[in-house]
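Input: a single structure, listed below in structure tokens.
Note that these values count all heavy atoms, side chains included, but never hydrogens, waters or copies made by symmetry.
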Amino acid sequence: MAKIISGKEVSAKVRAEVKAECEQLKAKGIHPGLAVIIVGDDPASRVYVNNKKKACAEVGFVSEEYALPAETTQEELLALVEQLNNKPEINGILCQLPLPKHLDEKAVINAISPMKDVDAFHPSNVGRIMIGDYHFLPCTPAGVMEMVHSEGIEVSGKNCVVIGRSNIVGKPMAMLLLHENGTVTICHSRTQNLKEICSNADILVAAVGRPKFVKADMVKEGAVVLDVGINRDENGKLCGDVDFDEVAPKASYITPVPGGVGPMTIAMLMKNTLKAAKIQNFH
Ligand code: NDP
């Protein structure tokens with residue numbers, strides 16, 4: 001039976017470290033600040049934004065929320081980003097995605113100052129990740145790596161398979177595993193022999209967005225299985241991309257949903273904001 005890597009525990013440790021460092025910064029007169037922009041009234045986005053604000057309060061950051069109406073124009077949104085780029089009290093800026101259809105997400109991401117881009121979505125930060133010379137890592141893949149490190153799991157030389165190639169999860173996830181000398185395969189919807197490829201993985205990351213997609217016959221005995229998915233099953237219950245009940249007996253380590261990668265994402269956002277505050281004040 002696999003050992004469960006608890007995102008609740010690992011994220012609590014990360015948040016405690018951030019809090020301790022934040023206190024040290026405050027003693028030097030530096031108050032890390034995160035601005036969160038939300039446009040429209042998407043209920044899921046609202047939950048995410050509230051969780052981010054709560055996490056900021058817990059670690060001692062200043063948080064500012066900019067809740068804009070759904071009919072906000074591109075110009076208004078870009079003007080706000082520009083204003084926050086120039087605001088010294090704000091070290092990190094994030095714009096909760098998805099944006100309403102009439103707004104250009106790419107243009108908004110590009111407008112955020114790369115030094116305040118704590119989601120690490122700006123092309124300059126993405127490029128820095130590619131060459132391994134980065135300030136910030138995208139929060140979800142960084143959270144997965146933090147869980148891997150928390151158990152002392154060796155990546156070097158391992159067969160790593162990432163299912164999913166999105167810009168926010170799959171691609172950067174593969175890059176982080178590659179940086180640690182994993183032999184990485186990225187799978188997607190056009191991949192042939194998915195089952196065969198996955199069954200060779202020593203480390204399998206599922207970022208597919210399909211409930212219980214990864215079954216036991218896709219998993220090698222003793223594999224490390226990391227589940228990024230957040231889905232609802234047929235009964236409306238929260239579940240991952242991995243069929244936990246089937247896969248857990250076969251894996252050596254597994255992350256649960258809920259209580260796995262999810263809580264890590266916000267903890268890593270706090271870590272990035274702290275780093276942004278340090279860079280902006282000490283460099
Ligand atoms: P996307 O929808 O952007 O990407 C899904 C990827 O899965 C795509 O690359 C797609 O391939 C691939 N895929 C879809 N169907 C199949 C299939 N049948 N076989 C193989 N590959 C397939 O999702 P995200 O990357 O944004 O998110 C993935 C999951 O992670 C979601 O459940 C999301 O909710 C969750 N998530 C969780 C976070 C957290 O904090 N824990 C943060 C972000 C996301 P193709 O490119 O060919 O279409």
Side-chain angles (χ1 to χ4, degrees), residues 5 7 10-11 14 92 94-95 97 105-106 109-110 112-191 194 197-198 200-209 213-214 220 223-230 240-242 253 255 260-276 279:
I5 313 177
V10 183
S11 69
V14 172
L94 81 81
C95 184
L97 302 178
E105 281 184 3
K106 224 193 256 178
I109 289 170
N110 289 356
I112 295 174
S113 160
M115 299 313 290
K116 294 191 176 185
D117 169 39
V118 285
D119 265 336
F121 291 167
H122 190 286
S124 109
N125 286 325
V126 174
R128 280 180 162 275
I129 292 158
M130 189 81 164
I131 57 174
D133 172 26
Y134 46 78
H135 301 299
F136 309 116
L137 290 176
C139 301
T140 301
V144 172
M145 293 313 293
E146 192 80 26
M147 296 178 97
V148 167
H149 296 153
S150 74
E151 292 293 339
I153 295 164
E154 185 66 53
V155 176
S156 185
K158 297 282 171 61
N159 278 336
C160 304
V161 173
V162 179
I163 321 175
R165 57 171 163 180
S166 70
N167 289 331
I168 61 164
V169 189
K171 280 186 209 162
M173 187 70 245
M175 203 50 63
L176 299 193
L177 291 163
L178 181 62
H179 286 328
E180 296 200 9
N181 302 315
T183 302
V184 185
T185 306
I186 306 175
C187 298
H188 46 78
S189 66
R190 313 284 175 87
T191 298
L194 182 73
I197 295 167
C198 292
N200 264 324
D202 302 307
I203 298 176
L204 179 63
V205 183
V208 198
F213 179 81
V214 174
K220 181 174 160 178
V224 174
V225 180
L226 305 154
D227 189 354
V228 178
I230 301 177
D241 288 343
V242 174
Y253 292 91
T255 64
V261 176
M264 293 305 300
T265 299
I266 291 187
M268 301 317 278
L269 175 68
M270 299 299 110
K271 203 167 171 174
N272 279 350
T273 305
L274 181 81
K275 189 162 187 197
I279 294 172

> Are Leu204 and Val224 close enough, and set up right, to give a side chain to side chain contact (heavy atoms under 4.5 Å, CB included), and what steps lead you there?
Replying inline: CA-CA 6 Å; Leu204 179 63; Val224 174; over 6 Å; no

Under 3.5 Å donor-acceptor pairs involving side-chain atoms of residues 114-121, not counting sequence neighbours:
unit_1 : atom_1 : unit_2 : atom_2 : d
Lys116 : NZ     : Leu84  : O      : 2.9
Lys116 : NZ     : Asn85  : O      : 3.0
Lys116 : NZ     : Lys87  : O      : 2.9
Lys116 : NZ     : Ile90  : O      : 2.8
Asp117 : OD1    : Ala120 : N      : 3.3
Asp117 : OD1    : Phe121 : N      : 3.3
Asp117 : OD2    : Phe121 : N      : 3.0
Asp117 : OD2    : His122 : N      : 2.8
Asp117 : OD2    : Asn125 : ND2    : 2.6

Within the 4.5 Å heavy-atom criterion, are [X] and [Y] side-chain neighbours or not?
X      : Y      : answer
Val144 : Pro141 : no
Thr273 : Phe136 : no
Ile129 : Pro138 : yes
Thr191 : Ile197 : yes
Cys95  : Ile109 : no
Val148 : Leu226 : yes

Review item, side-chain donor-acceptor pairs of residues 181-189, under 3.5 Å, at least two apart:
unit_1 : atom_1 : unit_2 : atom_2 : d
His188 : ND1    : Arg190 : N      : 3.2

Contacts of [X] that satisfy side-chain contact (heavy atoms from CB on, under 4.5 Å) - sequence neighbours left out:
X      : result
Thr265 : Cys139, Thr140, Val261
Val14  : Val18, Glu146, Met264, Ala267, Met268, Lys271
Ile266 : Asn51, Lys52, Ala55, Met270

Among residues at least two apart in sequence or on other chains, which ones pass side-chain hydrogen bond (donor to acceptor under 3.5 Å, both in side chains) with [X]?
X      : value
Asn110 : none
Lys220 : Asp202
Glu151 : Lys3

> With sequence neighbours left out, which residue pairs that include part of residues 123-133 fulfil the salt bridge (charged side-chain N to carboxylate O under 4.0 Å, His left out) condition?
Replying inline: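 Residue pairs with at least one partner in residues 123-133: Arg128-Asp133.
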
> When you measure from the side chain of Asp227 to the backbone N and O of Val205, does any donor-acceptor pair fall under 3.5 Å?
Replying inline: no

> Would you say the side-chain atoms of Ser166 pair up with the backbone N or O of Val169, donor to acceptor, closer than 3.5 Å?
Replying inline: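 Such a contact is found between Ser166 side chain and Val169 backbone.
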
>> Holding to salt bridge (charged side-chain N to carboxylate O under 4.0 Å, His left out), I want the full list of residues that pass it with Glu180, two or more places apart in sequence or in another chain.
In response: none

Distance, nearest 0.5 Å, that separates [atom1] of [X] from [atom2] of [Y]:
X      : Y      : atom1 : atom2 : answer
Ile203 : Met173 : CD1   : CE    : 8.5 Å
Tyr134 : Lys275 : OH    : NZ    : 7.5 Å
Ile5   : His149 : CD1   : NE2   : 11.0 Å
Ser150 : Tyr253 : OG    : OH    : 9.0 Å

Could you go through residues 153-165 and list every donor-acceptor pair under 3.5 Å that involves a side-chain atom there, pairing it with any protein atom two or more places apart or in another chain?
unit_1 : atom_1 : unit_2 : atom_2 : d
Lys158 : NZ     : Glu154 : O      : 2.9
Asn159 : ND2    : Asn200 : O      : 3.4

